[in-house]
Structures are given as C-alpha cells and as structure tokens.
Amino acid sequence: MNFKFPVIIIDEDFRSENTSGFGVRALAEALENEGMEVLGLTSFGDLTQFAQQQSRASAFILSIDDEEFGDGSVEEMEAALKSIRAFISAIRFRNNEIPIYLYGETRTSKHIPNDVLREMHGFIHMFEDTPEFVARHIIREARSYMDSLPPPFFRALVNYAQDGSYSWHCPGHSGGVAFLKSPVGQMFHQFFGENMLRADVCNAVDEIGQLLDHTGPVAASELNAARIFNSDHSYFVTNGTSTSNKIIWHATVAPGDIVVVDRNCHKSVLHAIIMTGAIPVFLMPTRNNLGIIGPIPLEEFHPENIQKKIDQNPIANFCLGPKENSGKDPKILTITQSTYDGILYNVEIIKDVLNGHIDTLHFDEAWVPHAAFHDFYKNMHAIGENRPRANDTIIFSTQSIHKLLAGISQASQILVQDSKTKRFDHNIFNEAYLMHSSTSPQYSIIASLDVAAAMMEPPGGKALVEESIIEALDFRRAMRKVDKELGDGNWWFKVWGPNDIGPDSEGMTHREQWLLNPEDDWHGFGSVHENFTMLDPIKATIVTPGLNLSGEFNEEGIPASIVTRYLSEHGVIVEKTGLYSFFIMFTIGITKGRWNTLLAALQQFKDDYDKNQPMWRVLPEFCSNFPNYERVGLKDLCSQLHDVHNRNDVAKLTTEMYLSNMEPVLRPADAFASLARGKTERVPIDDLEGRVTTSLLTPYPPGIPLLIPGERFNNVIVRYLRFAREFNSSFPGFEADIHGLVVERDESGCKNYFVDCISDKR
C-alpha cells in the first residue's frame with residue numbers, strides 16, 4: 001500500500017526566483033517524478049508543530065545557505081544554528097530514525113558542529129550531483145525508514161489486504177463486497193472504507209497467524225509487545241481488560257481458593273470470583289467526601305492483617321474449616337492500579353510486603369498502560385525496565401490499551417513477569433486463554449495492539465507520555481489562572497490535586513509534588529503512608545462549588561450532573577460524573593484545542609449560571625426530552641438539586657455506605673447460582689435490610705459495586721437506595737443509575753424499585 005508520507009524541504013528560497021530557489025525546486029521535482037510527495041516550507045515556524053510533522057514525513061531536508069547564517073563567523077553561525085539545533089532536538093526527542101539531510105551550495109559540513117552532524121543521515125552539496133541522483137539517494141533512505149515502521153502483525157495484515165486474493169472463508173461480507181449489494185450496505189462501505197473491510201478476515205488465514213495458538217505474525221507481535229513493555233510474556237486480548245482479568249483468574253484460581261481483592265475492583269474481577277467459586281477477602285480503600293476513591297492503607301497489605309481477615313471470614317471458616325483455613329496462603333491478590341481517579345501504588349513496596357505469602361500478584365492496570373514509558377511513574381506500575389523480580393510470586397498486569405494508548409475499543413493485553421524461582425507455564429495459562437477468547441477474533445483490534453506497542457518504542461513513547469503530562473499541567477495552570485483573575489468573592493471550578501505544581505514556565509512538574517503525604521490537606525484521605533501512593537497528573541477531577549472535603553455543603557452549590565449535561569450539549573463529553581466533581585483524562589491523543597475548548601465551555605457555563613439563564617435557552621435538547629425544566633433558571637435548578645443533597649447529607653451517606661461493614665453470608669458463586677435455580681425473591685427497597693443479594697449492586701458513578709452476591713444489605717445502603725428512589729422521582733433526567741436495582745411500573749405508571757435476593761422460602 002502506498003502510504004502518504006511526504007519529504008519535507010525547509011528552505012527560505014523554496015519559492016524564490018533565484019539560483020538557490022531553482023536548485024531546490026529541481027530537487028523537489030526530481031523527487032516527485034520518482035513518485036514521492038514533497039512539501040516545501042520556507043521557515044522552521046513553531047517547533048511544536050514541526051515536531052508533530054515527524055509522524056507525517058518520510059524525510060527532512062534542511063538548507064544551511066540562508067541569508068540569516070551571516071558571513072560565516074563563529075558567532076553568527078552559532079546564533080544562526082540555534083534554530084536548526086532546536087528543530088533537530090525536537091524531532092529526535094520523538095524519533096531517532098527519520099532521515100534528516102542538510103544541504104548547501106556554499107557551505108559544507110565543516111560549518112556544522114558535531115552535535116548537529118551526528119543526528120544527520122547525510123549532507124547534500126547542491127549542483128555537484130544531478131537532482132535525479134540526489135533524489136534517488138534520499139528516496140532510498142526514506143523508503144528504508146518507512147519499511148522499518150510497521151510492526152509484524154500490521155505488516156502482514158496490510159500485505160494480505162492488498163494482495164487481491166479471492167477468499168472463500170468467513171466473514172460473509174467477503175472483504176466488503178456483500179455491502180456493495182445493498183443501498184444501506186453502500187453507506188456502511190463508504191463510511192468504514194475498503195481497507196478496514198478487506199482487513200476483516202477469518203482465523204483461517206495462515207499468513208497472518210493465529211491468535212488462539214499464538215503463531216505466525218501474531219506471535220511475533222506479542223513478543224514485540226513484551227519487549228517494548230519490558231515483560232517476559234505478552235498476550236493480546238480482543239474483548240477488553242474485563243476478559244483479560246477473567247483469563248488470569250481462571251488460570252490461577254480454583255473453587256474454594258482464598259483470594260484477596262481490592263474492594264475498589266472492577267466488576268469483571270467480581271465476576272471472576274463468581275465464575276471460579278473463590279472465597280474473597282477484601283482490602284478496603286479510603287475515600288474522601290467528594291466521592292473520590294483513595295488508596296488502600298499499607299497496613300491492609302501486611303500478611304498478618306490479611307490472615308486476620310481470612311480468620312474472621314465466616315465463609316472461609318465454613319467452607320474450609322478453621323484448621324485448614326488457618327495459615328492458608330491466598331492464591332491471588334488483585335489490586336486496581338491506578339484507581340479510576342488516578343491514585344497509583346508503589347508496586348515495589350507491595351511486592352516486598354507480600355513476597356512469598358501470595359502465589360500471584362495481579363495489577364489491574366486498565367488505566368495506566370502509559371506509565372512504563374516515563375521515569376515520572378518509576379515503581380508506580382507493575383512491570384517495567386530494570387524492575388526487580390519477586391522471589392516466589394508471578395506478577396500479572398492487565399492493560400486497556402484502548403483507554404490511554406492508541407488501541408481501538410476492546411484492545412487489551414496481559415503482561416507477565418516470572419519470579420526468581422517460579423516459571424510461568426504458557427501451556428497451562430493458554431487453556432484459560434482459550435476459554436475466554438473468541439474463535440473469530442477481530443483482526444483490526446490485534447493490529448491496533450501491534451501498532452500501539454510500536455508507537456511506544458523509545459524515544460517516541462516517552463515523548464508521547466511527557467506531552468500528555470504537560471498538556472494536563474497546562475490545563476491545571478490555566479484553570480488556576482482563571483480563578484486568580486476572577487478574584488475573591490467570585491466562584492470558579494477547582495482541579496483536585498496538589499497545591500503546588502510549579503509555574504507556567506516549568507513545563508514538566510516534579511514527581512514529589514504528586515506523592516500523597518500524611519500532612520497534605522488537598523487529598524482528604526487522612527494519614528496515608530508516605531511515598532506509597534501518587535496521583536497521576538493526567539487524571540483530572542474538576543470540582544464544582546458547593547461541597548468541601550469534609551463533606552459539608554455550602555449554602556449554594558452546583559451539582560456536577562448539571563455542569564456535565566451542559567458541557568455535553570456544547571460538544572464536550574466527560575469520562576465520569578460524581579456529585580460535585582467530574583473526571584477527564586489527558587490521553588496521548590489530547591490536544592491544546594480540546595482542553596481549551598473545555599475551559600471556554602466552563603466559562604460559558606459560569607456566565608449562564610450567574611445570569612440564571614432559562615434552561616430552554618442553555619439546554620434546549622435536554623428540555624425537549626424533559627419539558628418540565630424549560631422555564632426554570634439554570635441557577636435555580638442547581639439550587640434545587642443542591643438543597644436536596646444538603647438535606648439528605650448525601651456526600652457523607654455515599655462515603656459511609658462504601659466504608660460500612662459488608663457481611664458475607666454465602667460464597668458469591670453459590671449466591672449467584674440461586675438465579676439459575678429460581679431460588680430468588682424480588683424484594684422492595686424498604687424490606688431489603690438483612691436480606692442477601694444475588695446480584696452486583698453497582699451505583700454509577702463511580703461504577704464500583706456496593707454489594708456482591710452473597711452479602712447482606714445493611715441500614716446505610718438501604719438509606720442510600722431510599723434517597724435514590726426519591727431523587728429519581730423528583731428530578732427526572734438526573735436519575736441515579738444503579739445496576740442491580742430492578743425498576744417495575746405499577747398499574748398507575750409509578751416506578752417501584754426492587755433487588756433480587758436469596759429467597760427466604762428455600
């Protein structure tokens with residue numbers, strides 16, 4: 001396939017009617033005659049923009065004959081070379097391989113210092129060789145560079161899609177041909193394009209390899225990803241980290257095994273507990289009253305404290321008996337790294353504390369695949385370069401490449417690090433892998449995993465991560481600048497995080513500023529262990545007015561649900577909405593234009609709020625679905641929701657319910673089995689206290705289950721469900737979304753709420 005990567009020529013005489021201009025345009029014409037696209041520019045312009053051009057170019061050609069180079073004196077040459085040196089430095093920070101040429105008519109390499117020359121692929125002295133010869137030399141290097149870019153699987157897939165072979169295997173659209181036989185199919189074909197459909201192939205195509213048995217280009221790509229991510233083994237997964245988590249659990253956990261789990265885990269881990277028949281004990285994270293999930297205290301990880309939890313677990317004692325239970329090492333510990341809100345653990349501390357006490361450490365790193373590529377995150381991720389191996393514990397990391405790197409949706413991977421004494425068994429692990437992998441994997445997802453890994457090759461990976469950190473810091477600084485300019489007595493949004501992140505001119509921040517320390521007043525998690533946890537700066541929680549870290553409400557407030565509804569209608573979609581906060585992420589794809597648009601939209605919201613603009617004007621789409629809000633002012637509606645939150649003390653209630661005692665009554669697998677056996681009862685909210693759930697009860701946000709199958713409802717959780725019921729009735733359109741809460745309408749159309757529980761009649 002002919003990819004479009006032009007040769008970029010930078011010469012101030014490119015469009016001039018002089019000898020130099022004629023010469024460089026002759027070279028450009030010779031390149032074009034050989035089939036290369038050429039982009040001619042007359043200045044270096046903005047270095048940031050040029051640094052980004054390295055991803056679109058096949059080679060650079062830079063003139064050193066321009067007038068600004070002066071008469072050749074050392075002083076004038078050094079001053080003139082500043083632009084070229086800065087340009088080359090910006091390119092090489094991101095790309096070590098792209099060809100860069102210097103050329104001149106009067107000046108030669110003797111005029112160029114070594115620190116510049118050593119970054120060059122060559123020097124062209126104009127008029128000594130023909131433009132055609134010079135063009136062929138440049139094209140050879142440019143094509144060699146381009147040929148080195150595609151990683152193994154992507155290369156094989158491109159070659160197959162472009163081969164032109166007739167296929168007789170599935171999928172049935174046969175490279176997109178079936179879509180061309182229908183009008184709506186034509187639309188589909190035009191929207192997604194020929195290449196995507198030609199690359200949608202069956203696992204019967206030997207030349208692109210097999211995902212299920214890890215052969216051919218697929219295997220080469222998994223090995224390549226393992227090298228880039230500094231792991232011993234890597235497995236591509238095409239249906240998300242939810243499935244990656246279940247694969248690890250089915251490979252390591254058997255029915256009746258004791259497992260240790262972060263209570264702030266993703267629901268896929270809880271599904272794995274149910275599916276494997278394990279007996280869980282939970283480590284409890286901290287929370288602040290903004291609803292932000294904090295770290296698990298270090299003391300919770302100590303083996304003696306984990307053993308106390310096991311000893312006190314009634315399910316473990318019932319299933320195993322006190323004698324067998326005592327001293328029984330857990331099979332696996334799964335930790336959420338990082339939390340949804342960006343809290344990271346020092347993995348080396350956890351490994352040291354637990355080494356030899358747990359067979360397998362599993363870090364659910366769905367939200368942190370970028371961390372391995374920058375020293376800012378040193379030790380704050382599971383597997384990386386020059387990281388020590390645990391003595392007896394195998395380390396797993398599951399990563400959602402589609403969340404923060406450049407994978408397409410559902411692109412995930414499993415990384416494995418062997419211990420010093422135990423070898424990972426691929427064949428045993430692959431049995432669990434086969435159990436959860438489709439026999440018809442989507443090869444575009446595999447290609448995106450392959451390419452996403454290749455994009456993180458040094459130095460490009462570090463540059464991409466550093467750029468995302470700097471963009472996040474610039475956004476935080478811009479938000480503080482607006483706050484300062486508004487002055488005292490005026491309200492504005494805050495960005496949750498450390499108080500000191502450095503001035504605008506600093507660019508990157510100091511890692512130490514993001515470590516959570518016990519004396520800090522910004523995080524609200526109490527006495528955290530020093531140097532154990534850190535906030536990832538690319539995860540930004542924007543706090544709206546009305547609630548403080550102590551859970552106390554101000555007289556006036558702006559619930560976040562109204563702000564994010566407003567942003568949505570103004571073309572800004574956020575990741576997660578809490579009571580008085582919402583969450584955004586600065587992935588490697590975030591741009592200045594994107595976060596500046598968010599900041600402008602927030603300023604527009606403030607203006608409309610202060611003017612109490614009618615809802616029909618500022619949220620017309622929302623009001624078309626919920627016309628009862630049309631004549632309400634934006635500020636008035638915020639006040640109504642805020643008053644309800646205040647009267648019900650919702651911030652402290654939602655914090656307390658996650659920190660309250662969760663009483664296990666049945667093994668999760670046994671409780672869930674009641675669904676299939678028809679031994680459940682649909683219980684109204686008011687009758688739930690003391691009942692045992694058969695379902696995951698999960699409020700969104702934050703999407704963390706309150707109860708899992710086999711646990712008993714307590715008074716605090718029932719109080720929250722009663723509040724949600726009343727709130728949903730009063731404010732349609734802003735309903736609390738709670739998975740596991742069954743909604744049924746009675747004959748009059750009123751909504752009634754239930755939860756499926758273990759039947760008392762069994």
Side-chain angles (χ1 to χ4, degrees), residues 46-49 51-52 290 292 338-344 367-368 370-371 373-374 376-377 403-406 462-487 490-516 522-523 534-545 558 560 563-564 566-568 570-578 580-607 609 701:
D46 178 67
L47 287 178
T48 301
Q49 292 181 0
Q52 293 172 348
L290 291 175
I292 298 172
S338 77
T339 69
Y340 207 151
D341 304 289
I343 299 298
L344 297 162
W367 298 96
V368 71
H370 59 289
F373 302 99
H374 204 286
F376 186 86
Y377 299 100
K403 281 187 168 70
L404 283 149
L405 300 185
K462 179 181 178 181
L464 288 169
V465 174
E466 186 162 310
E467 284 175 358
S468 68
I469 296 173
I470 290 173
E471 294 293 349
L473 295 172
D474 285 347
F475 169 74
R476 290 172 182 267
R477 291 166 179 147
M479 290 287 285
R480 293 186 180 191
K481 174 177 174 288
V482 172
D483 194 18
K484 184 177 180 181
E485 290 178 354
L486 286 170
N490 215 331
W491 71 269
W492 181 242
F493 304 94
K494 310 291 184 184
V495 185
W496 182 69
N499 299 319
D500 180 20
I501 60 173
D504 287 354
S505 59
E506 197 167 298
M508 277 292 288
T509 186
H510 297 294
R511 166 192 164 102
E512 290 73 21
Q513 294 168 325
W514 299 86
L515 293 171
L516 275 63
W522 61 266
H523 54 71
M534 181 178 83
L535 173 63
D536 187 347
I538 72 167
K539 315 284 179 61
T541 298
I542 300 171
V543 181
T544 64
I558 303 174
V563 180
T564 56
Y566 180 99
L567 292 174
S568 177
H570 289 74
V572 177
I573 310 299
V574 306
E575 177 68 28
K576 182 191 73 169
T577 304
Y580 288 81
S581 66
F582 60 93
F583 176 77
I584 59 173
M585 291 189 299
F586 284 77
T587 71
I588 62 172
I590 293 297
T591 61
K592 288 179 174 60
R594 189 173 298 190
W595 68 254
N596 276 285
T597 298
L598 169 60
L599 194 147
L602 291 174
Q603 290 176 315
Q604 291 168 8
F605 177 91
K606 174 178 170 53
D607 187 54
Y609 173 88

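- The minimum heavy-atom distance linking A560 with G578 is given by the pair CB-O, 3.4 Å.
- By the 4.5 Å heavy-atom criterion applied to side chains, L290 and T541 are not counted as neighbours.
- The closest side-chain heavy-atom distance from F475 to I542 is below 4.5 Å.
- K403 and T587 share no side-chain donor-acceptor pair at under 3.5 Å.
- Put simply, CG on L486 and NZ on K481 are 10.0 Å apart, with the number rounded to the nearest 0.5 Å.
- Ion pairing of K494 with D483 is present here, as a side-chain N (NZ or NE/NH1/NH2) and a carboxylate O approach within less than 4.0 Å.
- Below 30°, between 30° and 60°, or above 60°: for F605 and F493 the angle between ring planes is between 30° and 60°, a tilted geometry.
- Applying the side chain to side chain contact (heavy atoms under 4.5 Å, CB included) rule to R594 yields the partners I590, T591; only residues at least two apart in sequence or on another chain are considered.
- Ring planes of H570 and Y566: parallel class, angle under 30° (limits at 30 and 60°).
- At least one side-chain heavy atom of R476 sits less than 4.5 Å from a side-chain heavy atom of V495.
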task: Step by step, work out the side-chain contact (heavy atoms from CB on, under 4.5 Å) result for I343 and S338.
output: CA-CA 5 Å; I343 299 298; S338 77; 5.8 Å; no
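- In terms of heavy-atom proximity, W367 sits nearest to E575 at CH2-OE2, 3.4 Å.
- Side-chain polar atoms of S581 and W496 form no donor-acceptor pair below 3.5 angstrom.
- The distance from the CG atom of L464 to the CG atom of L404 is 12.5 Å, given to the nearest 0.5 Å.
- Applying the ring pair (Phe, Tyr, Trp, His ring centres under 6.0 Å) test to Y580 and every residue at least two apart in sequence or in another chain returns F553, H642, H645.
- Side-chain contact between K462 and F376 is absent, with no heavy atoms from C-beta onward closer than 4.5 Å.
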task: Please lay out, stage by stage, how F586 and L473 fare under the test side-chain contact (heavy atoms from CB on, under 4.5 Å).
output: CA-CA 10 Å; F586 284 77; L473 295 172; over 6 Å; no
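- Inter-residue side-chain proximity for N490 and K606 is flagged as met; some heavy-atom pair is nearer than 4.5 Å.
- Looking at F582 and T544, their side chains come closer than 4.5 Å, going by heavy atoms from C-beta outward.
- Using a 4.5 Å heavy-atom cutoff, the side chains of D341 and K539 are not in contact.
- Two residues are said to be in side-chain contact when any heavy atoms from C-beta on lie closer than 4.5 Å; E467 and I588 fail this criterion.
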task: Please report the C-alpha distance between H523 and L535 in whole Å, then the side-chain angles of each, then the deciding distance to 0.1 Å, and finally whether the side-chain contact (heavy atoms from CB on, under 4.5 Å) criterion is met.
output: CA-CA 9 Å; H523 54 71; L535 173 63; over 6 Å; no
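- A distance of 14.0 Å separates CZ in R480 from CH2 in W492, rounded to the nearest 0.5 Å.
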